[in-house]
Amino acid sequence: MDKFIKNKINIIENSIKELQDKKTNNDSMEDFKSFQHISINIERIITSILELTSNFVNSKNLKMDPKLEGIFKDLYKNKIIDENMLSVMEETLSFRGISLDNSREVDLDSIKKFIENKLNYSLEFAYIIANNITA
């Protein structure tokens with residue numbers, strides 16, 4: 001695994017750990033250090049996922065949808081990810097920019113459920129992409 005891939009996976013692992021550690025120590029979203037802390041870590045995860053995906057697409061000379069919303073569907077169509085992973089990655093992408101968009105209504109319960117139930121899929125996705133880059 002090259003340095004770029006290791007770095008992106010490391011960012012995802014550290015961000016997941018940070019979010020899970022904060023959640024373990026606090027029972028509610030309101031008890032988190034700050035919403036900004038949550039959103040920054042989610043943004044790091046999403047950015048790393050997108051950078052890994054872009055690296056994969058370029059390394060394999062694949063034609064993919066230039067829109068972020070379509071790239072995971074293309075990975076599914078090319079049998080890189082399964083339907084469940086497609087669904088989780090689309091949900092993950094929906095959290096992109098929550099720290100930047102002050103006008104957007106943020107559902108803290110959905111973020112909490114995402115952190116509790118689906119956050120580790122981001123790391124699984126990263127390893128799927130990493131393994132396909134090196135294959």
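Sequential numbering from 1 along the given sequence is applied to the chain's residues.
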Exercise. Among residues two or more places apart or on two chains, list those pairs meeting salt bridge (Lys or Arg N to Asp or Glu O under 4.0 Å) that have a residue in residues 70-80.
Key: Lys73-Glu90
Quiz prompt | Separation of Ile45 CD1 from Ile12 CD1 (nearest 0.5 Å) | solution = 7.0 Å
Practice problem: Can you sort out the partners of Asn132 under side chain to side chain donor-acceptor pair (under 3.5 Å), two or more places apart, ordered by chain and number? | Solution: none
Quiz prompt | side-chain contact (heavy atoms from CB on, under 4.5 Å) involving Asp2 - partner list, sequence neighbours excluded | solution = Phe4, Ile5
Quiz item: In chain order, what residues pass the side-chain contact (heavy atoms from CB on, under 4.5 Å) check against Asn120, with sequence neighbours excluded?
Solution: Ile16, Gln20
Quiz item: Partners of Asn131 by side chain to side chain donor-acceptor pair (under 3.5 Å), sequence neighbours excluded?
Solution: none
Quiz item: CD1/Ile128 to CG/Leu75 distance, rounded to the nearest 0.5 angstrom?
Solution: 9.5 Å
Exercise. With sequence neighbours excluded, tell me which residues meet side-chain contact (heavy atoms from CB on, under 4.5 Å) with Asn84.
Key: Asp82, Val88, Tyr121
Exercise. To the nearest 0.5 Å, tell me how far Lys63 NZ sits from Asn78 CG.
Key: 12.5 Å
Quiz prompt | Sub-4.5 Å side-chain heavy-atom contact between Asn7 and Lys3 | solution = no
Without placing hydrogens or testing angles, list every side-chain donor-acceptor pair under 3.5 Å for residues 48-56, not counting sequence neighbours.
residue	atom	partner	partner atom	Å
Ser48	OG	Arg44	O	3.0
Glu51	OE1	Lys8	NZ	2.4
Thr53	OG1	Ile49	O	2.8

Quiz item: Distance from Ile80 atom CD1 to Lys60 atom NZ, nearest 0.5 Å?
Solution: 8.5 Å
Quiz item: Of all residues at least two apart in sequence or in a different chain, which pass the side-chain contact (heavy atoms from CB on, under 4.5 Å) check with Tyr76?
Solution: Ile81, Glu83, Leu86
Quiz item: Taking atom OG of Ser15 and atom CD1 of Ile38, what is their separation to the nearest 0.5 Å?
Solution: 13.0 Å
Exercise. Kindly assign one of parallel, tilted or perpendicular to the pair Phe95 and Phe114, based on the angle between their ring planes and the thresholds 30° and 60°.
Key: tilted
Self-check item: Reported CD1-to-NZ distance for the pair Ile11 and Lys6, which is rounded to 0.5 angstrom
Solution: 14.5 Å
Quiz item: Does Lys118 have any side chain to side chain donor-acceptor pair (under 3.5 Å) partners at least two apart in sequence or in another chain, and if so, which?
Solution: Glu91
Quiz item: With a 4.5 Å heavy-atom cut-off, do Ser122 and Met89 have their side chains touching?
Solution: yes
